[in-house]
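Shown next, in structure tokens, is the structure this report addresses.
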Amino acid sequence: MSEFILAALASLFSLHHFLFLALGVLLGMVVGILPGLGGTAMLSLLLPFVFGKDPTPVLAMMVGLMAVNNTADTFPAVLMGIPGSSSSQATILDGFPLAKRGEAARALGAAFSASMLGGLFGVVVLTLAIQFARPLILGVGFGEQLMLIALALTMVGMLTGASALKGLGTCGFGLLLGSVGAAPATGEYRFAFDTVYLSDGISLVIVGLAMFAVPEVVDILRKRVTISSTQKLGSGTLRGFAETLRHWGLVLRCSSIGTMLGALPGMGGPVVTWVAYGHVVQSVKDRDQLGKGDIRGVIGPESANNADNGGAMIPALMFGIPSSSSMAIFLGGLILIGVEPGIGMLERHLDLTFVIIWSLALANVLGTATCLLLAKPISRITLVPFAMVAPFMIAIIYFAAYQVTRSWYDLVALFVLGVLGVYMRRFGWSPPALLIGFVLSRRLDAAVYQSVQVYGASFLERTGVQVMLALIVVSIILAVRFKPSRATLTPDGPNAPVHRVPQLVFLGVIAACAAYMVYESVELTFLARVFPLSVALVTLALLAAVLVVSMRNRPSHVLYDGEREWNEVERPAHSPLHYQGWMLGLLVAAAVFGFVLGVFAFISVFLRVKANVAWPRAALAASGAVLVLSAMSHFLVLDYPEGILQRLVAMPWPFN
Amino acid sequence: MNSNTLLRSGACFGVIAALAGMPAIEAAAQKVDFSGKRIEMLVPFTPGGGSDIYSRALAPFFEKYLPGNPTILVRNVPGGGSIPGANQFNSRAKPDGLHVLVSSSSTVMNFVFQRSKFELDLSKAMPVVLSPQGSVVYIAPGLGVKSIKDIAKLKGQALTFGGNTPTGAEMRVTTAFDLLGLDVKYVWGVERGPVRLAFERGEFNINYDTTPGFLKNASQLVKAGKAVPLFALGVIDETGKVVRDPNFKNLPSFVEAYEAMHGKQPSGPAFEAWKAMLKMGVMANKAILLPAGTPEPIAAAWRTAIQKTLQDPEFDKKAGKVIEGYPQFIGESARPILKDATTLSPEVWDWLRDFLKTKHNVTLK
């Protein structure tokens with residue numbers, strides 16, 4: 001085998017191969033930085049070129065593109081709190097607070113170096129394990145999958161926020177949101193209101209944007225002048241790099257989690273990073289800073305999500321099962337040139353397998369190096385007055401949401417869930433808890449049903465299941481003993497038992513949603529109903545407990561209203577509603593003028609009104625955004641939402 | 001299963017037959033000129049899926065053979081079982097030859113089973129080409145069945161089958177299992193790839209794959225002695241008869257499997273229902289459609305382009321895998337199949353309703 005590894009290395013560094021790989025990395029960076037796009041649009045454009053005379057450089061480019069997806073998406077996550085892809089959501093929890101402290105460069109330095117080490121770790125494991133991976137993967141049956149999902153779910157114990165009751169309730173609500181769409185057991189549409197849009201369920205990308213990006217934008221617009229609270233970028237990239245090296249144990253553990261979960265079909269990106277983050281909280285001492293800007297909270301998920309790339313290659317190459325649409329396109333490319341991934345891939349194409357694996361490693365290093373170079377200059381964006389950045393960010397958030405199914409409903413879903421996200425933040429309901437529930441919901445529902453259907457109760461007798469059951473017990477014990485760091489209770493602070501109406505109304509709305517789901521479940525067949533019904537009932541019980549505790553007349557962590565953190569003097573000039581109004585403004589502008597012209601109008605007006613930019617310069621800046629949108633539409637074959645205007649008159653490109 | 005040469009010649013024959021009327025078409029097509037135009041191929045699925053690869057493999061050849069060498073843009077509108085994509089095509093595409101829709105068997109099935117949500121009338125669209133794709137049913141060796149001859153041994157054995165949804169593409173095999181009288185336990189909510197894994201793990205013991213999936217992966221399981229191919233569903237010939245799949249001449253068709261099991265020819269509404277599933281899932285597996293009312297010269301230009309593509313040795317060499325050598329139905333020859341697949345008789349509807357209700361506890365609206 002070693003001669004194949006060496007031969008692969010040699011061909012990797014042949015100038016031809018290297019150049020195309022580097023080109024792929026570069027393209028991947030460009031599309032990776034923009035949230036929502038991911039590599040798929042670009043990869044599918046490359047696909048027809050494998051029909052060309054020499055397909056190998058195209059494959060090298062494809063690998064380059066894929067490898068840096070999870071690296072470049074860290075930029076928007078750390079710098080703006082926008083999840084660039086679903087697998088960078090957990091990075092925001094600590095990465096963005098660091099940026100807000102003026103330590104963006106440090107956070108990025110740590111993130112990129114962790115990404116690289118994680119990626120390389122994944123590749124090494126892949127190289128060593130590839131001969132034995134097959135029986136290992138075949139050992140994980142439906143029962144083991146169920147246990148893994150349950151184990152992942154226990155991570156919520158670490159992410160409940162200040163109030164465990166509310167955290168668990170939020171997780172339940174996340175599970176319910178995730179059960180919208182076709183039921184795994186019967187294909188019946190649940191809670192879809194007879195629409196086509198909801199029949200696929202709500203998209204993780206949109207939930208992520210709504211839970212993290214939207215509340216951040218609103219919050220910063222209200223409270224701050226710039227993202228960073230200091231005007232210096234502070235100690236930089238290299239310090240972050242050094243910190244990653246210092247926490248090598250964490251990198252190793254999270255990379256292992258990433259590779260293992262990545263190798264199992266059906267777990268994949270978003271699960272991996274949340275489990276890794278949960279593990280960070282579980283395993284480190286002095287947790288006071290976690291969630292508020294702890295560098296370890298960046299290192300963990302980032303090493304995991306790149307290690308996941310290596311892991312995901314195992315089912316892809318050995319079983320022909322892609323874990324993401326990028327991987328599906330790549331496999332499509334392989335098939336078109338006559339390489340059949342799947343059983344026997346190792347016997348037939350061991351050399352090519354190693355070229356792919358080591359291209360992945362090389363692309364990781366190249367991508368990291370580029371990102372590290374760019375980290376400091378790009379970090380300067382956190383020093384720019386936020387009113388200048390915000391309209392572009394809002395446009396980017398909507399753009400990212402629209403990439404999900406390319407329909408108007410995506411934009412509406414983002415806005416509606418964004419309102420939920422803003423109030424969850426105000427009243428202290430943990431977004432990560434909701435995300436964990438949401439990500440695992442369908443998987444849990446399907447795995448419970450499938451395990452019982454295949455094995456009956458006997459799946460509990462399998463050794464693998466019992467081992468994981470033990471791990472689950474350990475994880476639950478850790479969660480129960482876990483004391484989140486929380487603010488001290490004061491009689492007149494945000495946890496005070498006064499002016500409770502707003503939070504009780506919010507509680508009521510959540511409870512009403514859960515109650516509605518109970519009501520709707522009646523119509524469904526048993527197999528379609530059993531999961532959402534049980535979750536809804538448990539959630540309602542938790543919410544009832546929250547209500548009981550809230551009604552007591554003493555401060556408690558269950559009570560929280562972010563609006564009570566200030567006294568009358570400090571209170572920001574505008575309420576969250578004000579900026580949600582602005583967000584709605586873009587939606588309305590797009591509905592009238594179409595997305596491109598709507599963005600132009602929105603940015604110009606926002607810059608004029610909120611950032612006091614003179615009209616001509618505001619219009620110029622907005623034209624810049626239009627230019628970028630047009631370029632993407634041209635090169636990546638994207639279209640944008642139409643407005644009433646486009647229905648009435650034929651507009652020239654790019655306004656159509 | 002070395003029927004490749006036979007198959008290619010079969011495909012060639014199909015193409016040649018279709019070429020008989022070509023000169024007239026070509027003359028009409030010459031008036032059309034797409035030079036400098038951008039043509040949009042709407043794929044109502046995610047990038048990387050079967051329909052996407054199919055479209056992207058064909059796209060460069062359309063660029064080569066459509067008059068004026070236009071640029072072809074593949075645009076994905078994913079989700080909703082391809083309903084949103086099809087509806088978007090319906091509202092936006094003009095009959096100017098610059099818009100085509102790529103449909104798959106799930107588009108056709110959703111058109112039939114969720115008609116109220118469909119704004120596009122699939123049966124009225126103008127087919128450019130219809131590309132069938134076969135399916136092979138295989139079982140675990142532990143069941144003791146070596147070939148179709150001892151299929152009767154399957155009766156009464158506990159079989160477990162995994163699939164995506166009871167009302168989806170898998171109906172072409174679930175109805176077949178029902179007709180064979182097999183005792184199958186169904187496990188839903190599992191995608192094709194993981195299903196194959198679970199089959200290899202031994203959690204499922206009866207499974208199927210489309211031709212590319214079978215040739216790519218399951219055939220390796222067969223070689224390793226971990227799977228026994230039972231029958232291929234088969235294809236429908238010009239006379240409407242179900243015949244053996246040209247890719248698997250050595251495997252019996254479902255009709256032969258039925259005869260081996262029951263000692264008589266299948267007939268009646270149950271068989272008609274299965275045939276409808278075969279038309280949707282196998283015969284109409286992939287199609288490229290122009291909007292209804294596209295002027296004849298434009299449609300002719302598209303038909304000529306696909307004909308030339310199929311004759312192009314370059315296509316055969318580089319992208320032939322996407323059609324796997326099945327006879328391709330060009331232009332109007334595709335319409336009856338599409339129409340047949342989308343129009344079910346009341347008896348067939350009744351049977352399907354009853355089948356889904358009693359066997360899968362699903363109520364069709």
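Keep in mind that this is a model prediction, so the values were computed, not measured. Letters go in sequence order (proteins before strands), and every chain restarts at 1.
Only the side chain of B:Arg38 comes within contact range of chain A, judged by heavy atoms closer than 4.5 Å. When heavy atoms are compared at a cutoff of 4.5 Å, B:Val362 approaches chain A solely by way of its side chain, counted from C-beta outward. There is no contact between B:Glu40 and chain A, counting heavy-atom distances below 4.5 Å. No part of B:Glu191 comes within reach of chain A, as not one of its non-hydrogen atoms sits under 4.5 angstrom from that chain. For chain B, no part of A:Glu188 is nearby; none of its heavy atoms comes within less than 4.5 Å. Interface remark: B:Val190 contributes backbone and side-chain atoms alike to the contact with chain A (heavy atom separation under 4.5 Å). Neither the backbone nor the side chain of A:Arg647 comes within contact range of chain B; no heavy atom of the residue lies under 4.5 Å from a heavy atom of that chain. Residue contact with chain A, scored on non-hydrogen atoms closer than 4.5 Å, is absent for B:Asn87. Contacts between A:Arg443 and chain B at a heavy-atom distance below 4.5 Å are absent for every atom of the residue. Contact of A:Gln403 with chain B is not made at all, since no heavy-atom distance falls under 4.5 Å.
Residue A:Phe319 comes nearest to B:Glu200 through the heavy atom pair CE2-OE1, 3.9 Å, listed as atom of the first residue, atom of the second, then distance. Nearest heavy-atom pair, A:Gly187 versus B:Pro166, reported as atom, atom and distance to 0.1 Å: N-CD, 4.3 Å. Closest approach of B:Lys185 and A:Val454 over heavy atoms only: NZ-O, 3.7 Å. Closest of all the heavy-atom pairs between B:Asn361 and A:Thr525 is O-CG2, 3.5 Å. Contact detail for A:Gln453 and B:Tyr186: the closest heavy-atom pair is NE2-O, 2.8 Å. Closest of all the heavy-atom pairs between B:Asn76 and A:Arg406 is O-NH1, 3.1 Å.
In this structure a side-chain-to-backbone donor-acceptor pair under 3.5 Å is missing from B:Glu203 to A:Gly141. The backbone N or O of B:Trp188 sits less than 3.5 Å from a side-chain atom of A:Tyr449, completing a donor-acceptor pair. At least one donor-acceptor pair under 3.5 Å links the side chain of B:Arg56 to the backbone N or O of A:Ser44.
Considering only heavy-atom pairs separated by less than 4.5 Å from chain B, the leading option among A:Tyr409, A:Tyr189, A:Phe330, A:Phe526 is A:Tyr189. Looking only at heavy-atom pairs under 4.5 Å with chain A, the residue among B:Arg192, B:His360, B:Gln114 that has the most is B:Gln114. For the set A:Ile137, A:Leu331, A:Asp639, the entry with the most heavy-atom pairs within less than 4.5 Å of chain B is A:Asp639. Chain B forms the most heavy-atom pairs under 4.5 Å with one residue out of A:Gly332, A:Ala185, A:Ser199, and that residue is A:Ala185. Ranked by heavy-atom pairs under 4.5 Å with chain A, the list B:Thr165, B:Val187, B:Ile83 is led by B:Val187. Per-residue heavy-atom pair counts under 4.5 Å with chain B were compared for A:Leu43, A:Asp445, A:Thr186, and the maximum is reached by A:Thr186. For the options A:Asp200, A:Leu198, A:Leu636, A:Thr195, heavy-atom pairs under 4.5 Å to chain B are most numerous at A:Asp200. Counting heavy-atom pairs closer than 4.5 Å to chain A, the top residue among B:Lys317, B:Lys223, B:Lys117 is B:Lys117.
Contact annotation: the side chain of B:Leu197 approaches that of A:Leu138 to within less than 4.5 Å [non-hydrogen atoms, C-beta and beyond].
Note that CZ of B:Arg196 and CD1 of A:Ile321 are 6.5 Å apart. Values are rounded to the nearest 0.5 Å.
Heavy atoms from other residues, nucleotides or ligands lying under 6.0 Å from CZ of B:Phe355 number more than 12.
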Review point. Stepwise, does the salt bridge (charged side-chain N to carboxylate O under 4.0 Å, His left out) test hold for B:Arg201 with A:Glu144?
Key: CA-CA 12 Å; B:Arg201 286 197 300 260; A:Glu144 286 81 5; over 6 Å; no
